[in-house]
**Q** 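The structure that follows is given in the form of structure tokens.
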Amino acid sequence: MARFHDLTVTDVHKTIRDAVVVTLQPVNGAAEEFDFTQGQYLTFRRDFDGEELRRSYSICAGKDEGILQVGIKRVDGGAFSTWANEELKVGDTIQAMPPMGGFFTALDADASKHYLGFAGGSGVTPVLSILKTTLAREPKARFTLVYANKGVNTIMFREELEDLKNLYMGRLNVIHILESDAQDIDLFTGLVTQDKCAELFKHWIDIKTVDTAFICGPEPMMLGIAAALRDHGLDDAQIKFELFASAQPGRAKRKTVSGDAASSANQTKAAITMDGSTQTITLPKDMSILDGALENAMDAPYACKAGVCSTCRCKVLEGEVEMVANHALEDYEVEKGYVLSCQAFPLTDTVTVDFDQ
Amino acid sequence: MAEDMTIESYLAAGGVLTNPTNVPPRYRAELMKLMATFVDSELAGAAGFADVINAGPGIKERIAAAKIVLEKTDNADRVLRIMGDFGADADRYANNHPWTTRLERDADIGTSRTDHDMRLAVFNYPLDGWVDAVAMNLLMGRAVVIQLTEFSMISYQPLAEAFRTITPIETRHAELAAEGVIKLIEEGETAALQAAVNYWWPRVAASFGSSSSTKAESLKEMGLRKSTNAELKTRWEAEATTLLESFGLDVPS
């Protein structure tokens, strides 16, 4: 299983008013583990008021820049991104897991492919990593980037993209689509929708020559673009997605233990929520929550029944259970109240668990 | 921009998820189950087939059987690694179950699974020699290809990509079975083949699951299924029928 490593912050700079670019240096000999593939992301963790938060941010550096760099845009009410934008400074230590993700295709120096990237707002970070790496390592490749933003002043990496256009003259084409700022060409104003893509494919982008498309942005934008690409003959294997949901999980409340814990007999009343409905069952305290649910004809998810695979994960909202084995959940998940229901035996006379959280 | 779309409506509209961080809990559970079913079936299938290698009548047959064992184990590993992204302990998982165990040949378990792992019911029946293994591989090979084609369009991109890599490999296994059948017929083993086909036909058919599954709709909304169990089974029956007829074998009624 992937582990967290310490990284030192060696540079922090703003790319726009509410987004920072953070350069990181692995310490304690972990450099090799952070040898990323273009388009991958890092998952960070940090304690906020005693509660661990994890957030994933894409690497924006290219393979040949020799640095590890992520872009972090501040999200309203987002504890981690606000902290990164306002407090993080050079010399700080931050923890992250080695790079993960499959938002890339294999490179081939002899290939002469045409790549098409779509990025919405901060979704540009992995696409930037891909286009820098690809243009450097595939000398015959062309890259077209359609980059959607609210207005000119929210375009991350705007100058860097201009520099890249000059560096890779004729091979990199960037089309900015701005939601609110008017541009010379009407087509370049508004949202990147399925219809907008169809228009772009008429005169601006030769979709027939496109080998692979990369899309990273908010959900509706990804759906519209993917539909347009399929309409124009690309199959699923040619379309690569990266989605970072706008709503990453918020802070979880601690589970509460009801006052009259552990008293009578060996029976427990368990309220089990699954697929939106709750069923209350009675089970002996030597039966796992999972088996109790299955015996009562609830379609609880499970696979290994050995605490290994984590398919049967659920959250304890009230009461206490004991997990006899756990090879799958991490400490922070356990702290939030998650248990493996196949290994969880009730300790209190009532428990409330939820498979929907 | 309407950025407040829920993950559920995004999925219902055909959206694709790309990493464990934004996968909703119920989706996660169904996805894990699906992956466990594949991994367990491949590991159990490979383990069962390993014993058959030595029963191969010639070196070509033994090579084919060994290749199938190797590649099915490899395919299990590809999907197990994706389960690992969700926290599963892959090393422990691979050794968690006795993959070689089988029930009695005449056990009647329908579509149910054993208590301990998620292998498809069909992988609980023991293989009975070379002819039997070829017949099983012929029928199940087609079923696997149909299932994989369905799951290659699944809404979890890393798994869809793994299945797109795996599908041609499993397709080749089914072709090896067809080549084995041709050879057996040349050698006059038609009657034994027919008996084995009769044994495996209903058991492979049952591997498509219950036709009254209540989950189909919600799985469809999550982008984890496109066709129903019954539709996939019908597709298999049609393909397997054509296949058997091309060999001059009877289709069990």
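Letters go in sequence order (proteins before strands), and every chain restarts at 1.
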**Q** With a 4.5 angstrom heavy-atom cut-off, is it the side chain or the backbone of B:Glu30 that approaches chain A, or both, or neither?
**A**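 Neither part.
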**Q** Under a 4.5 Å heavy-atom cutoff, which of A:Ala237, A:Gly102, A:Gly101 has the most pairs with chain B?
**A**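 Maximum pair count with chain B is reached by A:Ala237.
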**Q** Using a strict cut-off of less than 4.0 Å between a Lys/Arg side-chain nitrogen and an Asp/Glu carboxylate oxygen, indicate whether A:Asp356 and A:Lys315 qualify as a salt bridge.
**A**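 Answer for the salt bridge query: no.
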**Q** Cation over ring, A:Arg45 on A:Tyr332, under 6.0 Å and within 45°?
**A** no
**Q** Given the options A:Leu294, A:Asp354, A:Asp275, A:Ile215, which has more heavy-atom pairs under 4.5 Å with chain B than any of the others?
**A** A:Asp275
**Q** Under 4.5 Å heavy-atom distance to chain A, tell me which part of B:Arg28 shows up: side chain, backbone, both or neither.
**A**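 Just the side chain, heavy atoms under 4.5 Å.
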**Q** Tell me whether the guanidinium CZ or amine NZ of A:Lys336 lies under 6.0 angstrom from the six-membered ring centre of A:Tyr338 and within 45° of its axis.
**A** no
**Q** Is the shortest distance from a Lys or Arg side-chain nitrogen in B:Arg225 or B:Glu150 to a carboxylate oxygen in the other one below 4.0 Å?
**A**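 Counted as a salt bridge, because a side-chain N and a carboxylate O are separated by less than 4.0 Å.
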